Amino acid sequence: MSDKITITFPDGNFRSVKKGINGFEIAEEISKSLAKESIAIKINSSIFDLKTRIEKDAKIQIIKKSDEEALDIIRHDCAHVMAEAVQSLFPETQVTIGPSIENGFYYDFARKEPFTLSDLPKIEKKMHEIINIGEKFTREVWSREEAIKFFKAKGEDYKVELIEDLDPNEEITIYKQGEWLDLCRGPHMISTKQIGKGFKLMKVAGAYWRGDSNNAMLTRIYGTAWRNEKELENHLQQIEEAEKRDHRKLGKEMDLFHFQEEAPGGVFWHPKGWQLFQSLINYMRLRQDRADYVETSTPELLDKSLWETSGHWEKFSENMFTTDPKEEKVFAIKPMNCPGAVEVYKQGLKSYRDLPLRMAEFGKVHRYEPSGALHGLMRVRAFTQDDAHIFCTEDQITEESKIVCDLILSIYKDFGFNDVRIKFSDRPEKRVGDDSVWDKAEEALKQAMEATGLEYTFNPGEGAFYGPKLEFVLRDAIGRDWQCGTLQVDLNLPGRLGATYVAEDGQKKIPVMLHRALFGSLERFTGILIEHYAGHLPLWLSPSQVVVATITSESNKYAFDVKDQLSKNGLRTEADIRNEKIGYKIREHSNAKIPIILAVGKKEAEEKTVSLRRLGSQETLVVKLDELISDLKKESLSPIN
RNA sequence: GCCGCAGUAACUCAGGGGUAGAGUAAUUCAUUGGUAAUGAAUAAGCCGGCGGUUCGAUUCCGCCCUGUGGCACCA
């Protein structure tokens, strides 16, 4: 038997090495600098500690600190170092879990007094000390009994619970760094020193043990970690950039909307915000008209019994607003539009010839969202859905679903959202209807997805209580994901609410109902657009499109003349004839995110021109008034016109 | 809903057991100017609400409301 094995590198080169060699030794054989740089090894597509012995022929790749794959390991190491720092500073603290996450890591601690922001600098300082010492990470395999005994003795109840719940066949591995140790699968780097300085503790938060609100609340510390300080700096700057785009901040600055104490989760739309909101509705209405939808409107208050019949009451009564019973009847404020839509459908006898019937409604719904969930326009208690219910036959599900998918993607493109992901969710635990019906609904939706050829990910158990659903997640200008559109195949509610149609054979049948929303919540979508565009709305959406600003009062008359002509041509225009310097006016209107500022003075008045300046540009352009009007008329058209 | 943090002038924020502060905005006056802040003066506050401690609370303590960062939830 040979004591040699063959390792193959990513570039296809291979070499014969002694059996039982580890990644560090391989790196050293190649070069000293590589050995210094390396932190882990990929063996046949799984990542291991650098010191892991290789016993068989394998494809390997040395992971250097500068590699993309290093991030996860650095972050996980950071979590361990933070836990050590915390336990050395606050010995009464129990550790639980501490994974790496997007952009960083966290660790959940159990402690009587939750940590506060003011504890972070101390912990961070201690972390730097631990990193500077350069404690070696070492891996050990323990027996289950040994591990349980050890953590029990230490009073680490959560760790004991974790070990007890591990798969009995799984090896129990412990990672030590200096004196401190943790139950962990790894991998880790060689030394804490390799973490470097590219990390920062960010915030503290409460988090339930094992993500279950029935369990104890732990105290979680979040950190961000990168390969070097420059990357960290970069990340912090990105956070700042996102804060600048915050729709709550911009909404105030642009005078779009406000919230107040008396209406938690309710939006007060100001004239400009409402203008934007209406532009979106008008756009969607046109798109729907062209896609053969009809539009309806149904009552906000419906007898509670209707919600019991639909099944909403059973699942969501806790989250529904109801009226104070002035008579026997209790009314519920609608949290969804579907029962109303079915009632409209049920008026008059429907034939298979009427199907598919695509019925839209810009319905305002109210949901009692948990107080902690509220967030600006993104999560409110009263919002407007661009809802529609497509009544169709089972045979039509695939085609109709495909049409909806195409419509959604086409609409998102009009706002510059080209990166859209689709999630497919199937039956949840708490649901209505027989499994055979669910089988049919899920199968139909899957077939529809096949027909579109679009890629999707699978979200088991996340469907609506009446049917499986698709969710459309779009990525904005700075790479954040927002879940907006949805399509749900419902073979349950139409039957429960008594909808029928007469089929070709003269028999009454129950139609299928597809629920779909494209923007989802208009309020939320407005918020997303504000952040996506950083307040720089395209001309067609901008509530104020043009400001005509005078240089001196001499040009007031001309300014009003320009404003009138633009207004007559459908451009939302204001004149600013205040006794202020032009620089002041430019600054103010730029801050208010007005897309186009026209400065007019003596010269412009004489020549019938304007001096045009666009938001975000320092350039000025002198243009003839009539040319400007025809250009802006074109530019301000919505994408559907 | 749970854990942490916050609430002071229209806005952004400082302050702190003894009559409340700044910048911006507003109002008035002067200034008529060429592309991101002209100058001066004036006025502006139940210091989120309710209780408690105290001679005295905007400040300290408790409860509540709202917001906020997470967790949980999201038809």
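Numbers restart at 1 for each chain; the letters A, B, ... are given by sequence-line order, proteins then strands. From a predicted model like this one, the values you see are computed outputs, not experimental measurements.
Along RNA chain B, the nucleotide closest to A:Pro335 and the one closest to A:Leu117 are compared, and the more 5′ of them pairs with A:Leu117. A residue-by-residue look at A:Gly616 and A:His312 shows that A:Gly616 has its nearest nucleotide of RNA chain B further toward the 5' end.
Atoms NZ (A:Lys334) and P (B:A75) sit 18 Å apart, rounded to a whole Å. Atom P of nucleotide B:A36 and atom CG of A:Leu615 are separated by 13 Å, given to the nearest angstrom. Per the geometry, CZ belonging to A:Phe465 stands 14 Å off C1' belonging to B:C74, to the nearest Å. Atom CD1 in A:Ile221 sits about 14 Å away from atom C1' in B:G69, given to the nearest Å. Atom-to-atom, CG of A:Leu374 to C1' of B:G1 comes out at 11 Å; the value is rounded to the nearest Å.
Base pairing analysis places B:A26 opposite B:U42; the two distances defining the Watson-Crick or G-U wobble pair are each below 3.5 Å. Within the shown strands, nothing qualifies as a pairing partner of B:U35 under the Watson-Crick or G-U definition with both distances less than 3.5 Å. Nucleotide B:G67: paired with B:C5 (Watson-Crick or G-U wobble, both distances less than 3.5 Å).
Ring-plane geometry between A:Phe115 and A:Phe90 is classed as perpendicular, the angle between the planes exceeding 60 degrees on a 0 to 90 degree scale with a lower cut at 30. Relative ring orientation between A:Tyr107 and A:His80 is described as perpendicular, the plane-to-plane angle rising above 60° on a 0-90° scale split at 30° and 60°. Between A:Trp269 and A:Phe257, the ring planes lie perpendicular to each other; the angle is over 60°, past the 30° to 60° tilted range. Below 30°, between 30° and 60°, or above 60°: for A:His515 and A:His389 the angle between ring planes is above 60°, a perpendicular geometry. Taking the six-membered ring where tryptophan is involved, the planes of A:Phe525 and A:Tyr412 are essentially parallel, since the angle between them stays under 30° and well short of 60°.
A:His375 comes within 4.0 angstrom of sugar-phosphate atoms only, judged by non-hydrogen atoms across all strands, and of no base. A:Gly311 comes within 4.0 angstrom of no nucleic acid atom, judged by non-hydrogen atoms across all strands. Nucleic acid contact for A:Asn591: base, since at least one base atom lies under 4.0 Å from a heavy atom of the residue. Within 4.0 Å (heavy atoms only), A:Ala207 reaches sugar-phosphate atoms of the nucleic acid but no base atom. A:Gly376 comes within 4.0 angstrom of the backbone, heavy atoms only, and of no base. Contacts of A:Asp212 with the nucleic acid, taken as non-hydrogen atoms under 4.0 Å apart, are absent. Among the protein residues, A:Phe259 comes within range of no part of the nucleic acid, since none of its heavy atoms lies under 4.0 Å from any strand. Looking at heavy-atom distances under 4.0 Å, A:Ser590 makes contact with a base. Residue A:Tyr222 is classed as a sugar-phosphate contact, given heavy-atom separations below 4.0 Å to backbone atoms only.
Applying the 4.0 Å criterion to OP1 and OP2 of B:A25, one finds that A:Tyr584 has a side-chain N or O inside that range. Contact annotation: A:Arg248 side-chain N/O to B:G69 OP1/OP2 distance is under 4.0 Å. Between A:Ser371 and B:G1 there is a side-chain N or O to OP1 or OP2 distance below 4.0 Å.
With hydrogens and angles ignored, no donor-acceptor pair closer than 3.5 Å exists between the side chain of A:Arg111 and the base of B:C3. Residue A:Tyr368 places no side-chain atom within donor-acceptor reach of the base of B:G1, judged by atom type and a 3.5 Å distance cut-off alone.
Atom P of B:C3 sits at a distance of 14 Å from the matching atom of B:G62, rounded to the whole Å. Taking atom C1' on both B:G39 and B:G56, the two are 44 Å apart, rounded to the nearest angstrom. When the P atom is compared between B:C46 and B:A20, the two are found 13 Å apart, to the nearest whole Å. Rounded to a whole angstrom, the distance from the P atom of B:C55 to that of B:G45 is 31 Å. Here, B:A57 and B:G17 have their P atoms 14 Å apart, quoted to the whole Å.
Across B:G67, B:G4, B:G70, the shortest atom-to-atom separation from the side chain of A:Pro114 is found for B:G4. Out of B:C73, B:G69, B:C3, the shortest distance to the side chain of A:Lys203 is found at B:G69. Distance from the side chain of A:Tyr208 is smallest for B:C2 among the nucleotides B:A75, B:U66, B:C2. Listed nucleotides: B:C11, B:G70, B:A75. Nearest to the side chain of A:Ala205: B:G70.
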What verdict does the side chain to side chain contact (heavy atoms under 4.5 Å, CB included) test give for A:Arg210 and A:Leu162, after you've listed the backbone C-alpha separation in whole Å, the side-chain angles of each residue and the deciding distance to 0.1 Å? CA-CA 10 Å; A:Arg210 297 196 150 174; A:Leu162 284 175; 3.3 Å; yes
Side chain to side chain contact (heavy atoms under 4.5 Å, CB included) evaluation trace for A:Trp209 with A:Glu161: CA-CA 11 Å; A:Trp209 167 236; A:Glu161 192 179 324; 3.3 Å; yes
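Checking side-chain atoms of A:Arg614 against main-chain N and O of A:Ile596 turns up no donor-acceptor pair under 3.5 Å.
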Which atom pairs link the protein and nucleotides 32-35 of chain B when you take only N or O atoms and keep those under 3.5 Å?
unit_1 : atom_1 : unit_2   : atom_2 : d
B:U32  : O2     : A:Ser553 : N      : 2.8
B:U32  : O2     : A:Ser553 : OG     : 3.3
B:U32  : N3     : A:Ser553 : OG     : 2.9
B:G33  : N7     : A:Ile551 : O      : 2.6
B:G33  : O6     : A:Asn579 : OD1    : 2.2
B:G33  : N1     : A:Asn579 : OD1    : 2.9
B:G34  : O6     : A:Lys602 : N      : 3.4
B:G34  : O6     : A:Lys603 : N      : 3.4
B:G34  : N1     : A:Glu604 : OE1    : 2.8
B:G34  : N1     : A:Glu604 : OE2    : 3.3
B:G34  : N2     : A:Glu604 : OE1    : 3.2
B:G34  : N2     : A:Glu604 : OE2    : 2.2
B:U35  : O3'    : A:Arg613 : NH1    : 3.4
B:U35  : O2'    : A:Arg613 : NH1    : 2.7
B:U35  : N3     : A:Ser611 : OG     : 3.3
B:U35  : O4     : A:Ser611 : OG     : 2.1

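Shortest non-hydrogen contact noted between A:Leu232 and A:Lys200 is CD1-CB, 4.1 Å. Nearest heavy-atom pair, A:Met127 versus A:Phe199, reported as atom, atom and distance to 0.1 Å: CE-CE1, 3.4 Å.
Between A:Phe115 and B:G4, no base-stacking contact is recorded for ring centres under 5.5 Å apart and planes less than 30° from parallel.
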